[in-house]
Number of protein chains: 2
Amino acid sequence: MSAHTTTRGNDADLAENTNGAQRLHTTELANEIEFLTARARSLGSGRANNMLAELDLKVRSYSVLSLACSGQNPSQRELADFLSLDPSQIVALVDQLEHRGAVARETDPRDRRSKVIVATTAGRSLYKRAEAIIRRSEDQSLSTLSLQERETLRDLLKRIAF
Amino acid sequence: MSAHTTTRGNDADLAENTNGAQRLHTTELANEIEFLTARARSLGSGRANNMLAELDLKVRSYSVLSLACSGQNPSQRELADFLSLDPSQIVALVDQLEHRGAVARETDPRDRRSKVIVATTAGRSLYKRAEAIIRRSEDQSLSTLSLQERETLRDLLKRIAF
DNA sequence: CGTATATCATTGAAAAAGTCAACAGTATTG
DNA sequence: CAATACTGTTGACTTTTTCAATGATATACG
């Protein structure tokens with residue numbers, strides 16, 4: 001078996017193989033920023049979605065609600081651009097939030113085509129609770145980083161995200 | 001209109017509003033690491049997918065191919081864990097790569113249930129070309145960061161991704 | 001040994017998300 | 001006024017995700 005290329009690893013690996021694919025951490029892929037970003041996001045949004053479930057929200061709807069509470073009065077088109085979503089997906093998300101009374105559509109008097117999304121009182125209250133959950137979720141996801149490192153990460157991400 | 005809360009912004013905003021939702025950059029959401037990570041990944045993998053299209057690959061299939069070329073002989077279960085995908089998705093991805101002759105399934109003699117994914121010669125050649133594309137894509141996506149900043153980002157992401 | 005339990009790859013179905021074209025109403029341009 | 005472009009909306013379609021069930025194999029334990 002020593003020179004047989006189809007077997008994975010050798011006997012020394014067996015102890016390490018018990019808990020999974022730690023072996024792959026040394027891979028080229030595991031060092032690509034692209035991949036690490038995708039994985040970080042997958043873990044992070046997975047946790048956030050789980051925790052937001054108690055409010056019957058997902059990160060998507062939370063994001064829309066957050067922007068509706070921002071005081072910036074975003075239009076649906078702006079939400080679509082900012083969240084990198086198709087306008088039709090925004091329609092569905094706003095529909096849900098509107099049906100549960102968290103946000104309202106107000107047609108912009110300056111441009112009667114566009115509709116500004118604003119949060120209701122109930123919506124702002126919901127957002128407060130959701131925000132606390134998101135903060136806890138983020139805190140858990142970033143538990144291996146110091147506060148200063150989190151700031152560094154935030155700034156670096158901001159520069160590549162905008 | 002001055003005190004009308006439903007109008008968005010004031011006249012001073014109009015010049016800035018021409019190109020989109022830059023206004024939202026000051027939002028709370030725009031400062032959440034979670035959100036920035038999602039947006040960075042969306043932009044990055046979008047670009048990578050576009051550029052990989054010339055090889056008829058996506059980031060998903062590229063990731064599997066990359067791990068198949070890693071010399072670590074991963075099983076499908078390990079691929080699923082590492083890529084945060086459902087085992088059934090791995091089946092589909094490996095099927096595609098196998099049909100085009102880039103990888104092969106080899107049943108692990110140590111555990112005849114599991115199948116080790118290894119790259120063929122053609123697969124390694126394909127990976128070389130894909131890797132070059134990914135490198136260019138990543139370079140473009142991170143163009144606003146210095147080399148040292150990229151290293152910092154990579155290390156921070158690694159710590160939260162594993 | 002034999003029996004129960006667990007794990008792997010696979011299939012198929014269902015739900016969710018993403019993509020795209022068309023439409024009515026409105027704005028902008030010339 | 002006419003032509004063009006943009007907004008939200010709908011509906012169809014594809015892709016991705018999620019989940020339960022299955023056969024083959026491995027492991028644990030009496």
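Convention: sequence-line order gives letters A, B, ...; per-chain numbering from 1.
In 5' to 3' order, the nucleotides of DNA chain C bounding all contacts with chain A (an atom under 4.0 Å from a heavy atom) are dA16(C) to dA27(C).
Of the possible polar contacts, one joining the Thr144(B) side chain to the Arg159(A) backbone as a donor-acceptor pair under 3.5 Å is found. Checked by atom type and distance alone, the side chain of Ser63(A) pairs as donor or acceptor with a backbone atom of Val59(A) at under 3.5 Å.
In this structure, CZ of Arg112(B) is placed 18 Å from P of dG23(D), rounded to the nearest angstrom. In this structure, CG of Asp111(B) is placed 11 Å from C1' of dA24(D), rounded to the nearest angstrom. What separates CD of Gln76(A) from P of dT10(D) is a distance of 10 Å, to the nearest Å.
Arg113(B) is linked by a side chain to side chain contact (heavy atoms under 4.5 Å, CB included) to Asp111(B), counting only residues two or more places apart in sequence or in another chain. Legend: residues meeting side chain to side chain contact (heavy atoms under 4.5 Å, CB included) with Arg105(A), ordered by chain and number and at least two apart, are Gln76(A), Val91(A), Val94(A), Asp95(A), Glu98(A), Lys115(A), Ile117(A).
Only Pro87(A), Ser88(A), Val91(A), listed by number, bring a heavy atom of residues 84-94 of chain A to less than 4.0 angstrom from any atom of DNA chain D. Residues from residues 48-67 of chain A that place a heavy atom under 4.0 Å from any atom of DNA chain C, listed by number: Lys58(A), Arg60(A).
Geometrically, Arg39(A) engages Phe82(B) in a cation-pi contact defined by less than 6.0 Å to the ring centre and at most 45° from the axis.
Counting only heavy atoms from C-beta outward, the side chains of Gln72(B) and Leu67(B) never approach each other to under 4.5 Å.
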Quiz item: Does the pair Tyr62(A) and Glu32(B) meet the rule for a side-chain hydrogen bond (donor to acceptor under 3.5 Å, both in side chains), with working shown?
Solution: CA-CA 12 Å; Tyr62(A) 163 78; Glu32(B) 289 180 16; 2.6 Å; yes
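Between Asp108(A) and Arg112(A) there is no salt bridge, since no side-chain nitrogen of the basic residue lies less than 4.0 Å from a carboxylate oxygen of the acidic one. By the 4.0 Å N-to-carboxylate-O rule, Glu131(B) lies too far from Lys128(B) to be salt-bridged with it. Using a 4.0 Å cut-off between a side-chain N of Lys or Arg and a carboxylate O of Asp or Glu, Arg135(B) and Asp139(B) do not qualify as a salt bridge. Under the 4.0 Å criterion applied to side-chain N and carboxylate O atoms, Glu138(A) and Arg47(A) are not assigned as salt-bridge partners. Between Glu78(A) and Arg23(B), at least one side-chain N (NZ, or NE/NH1/NH2) sits under 4.0 Å from a carboxylate O, which counts as a salt bridge.
Rounded to 10 degrees, the angle between the two end axes of the helix from dC1(C)-dG30(D) to dG30(C)-dC1(D) is 30°, with five pairs used at each end.
Toward the 5′ end of DNA chain C lies the nearest nucleotide of Arg113(B), the other residue of the pair Arg113(B) and Arg105(B) mapping further downstream.
Note: Asn50(B) CG to Lys58(B) NZ = 11.0 Å, rounded to the nearest 0.5 Å.
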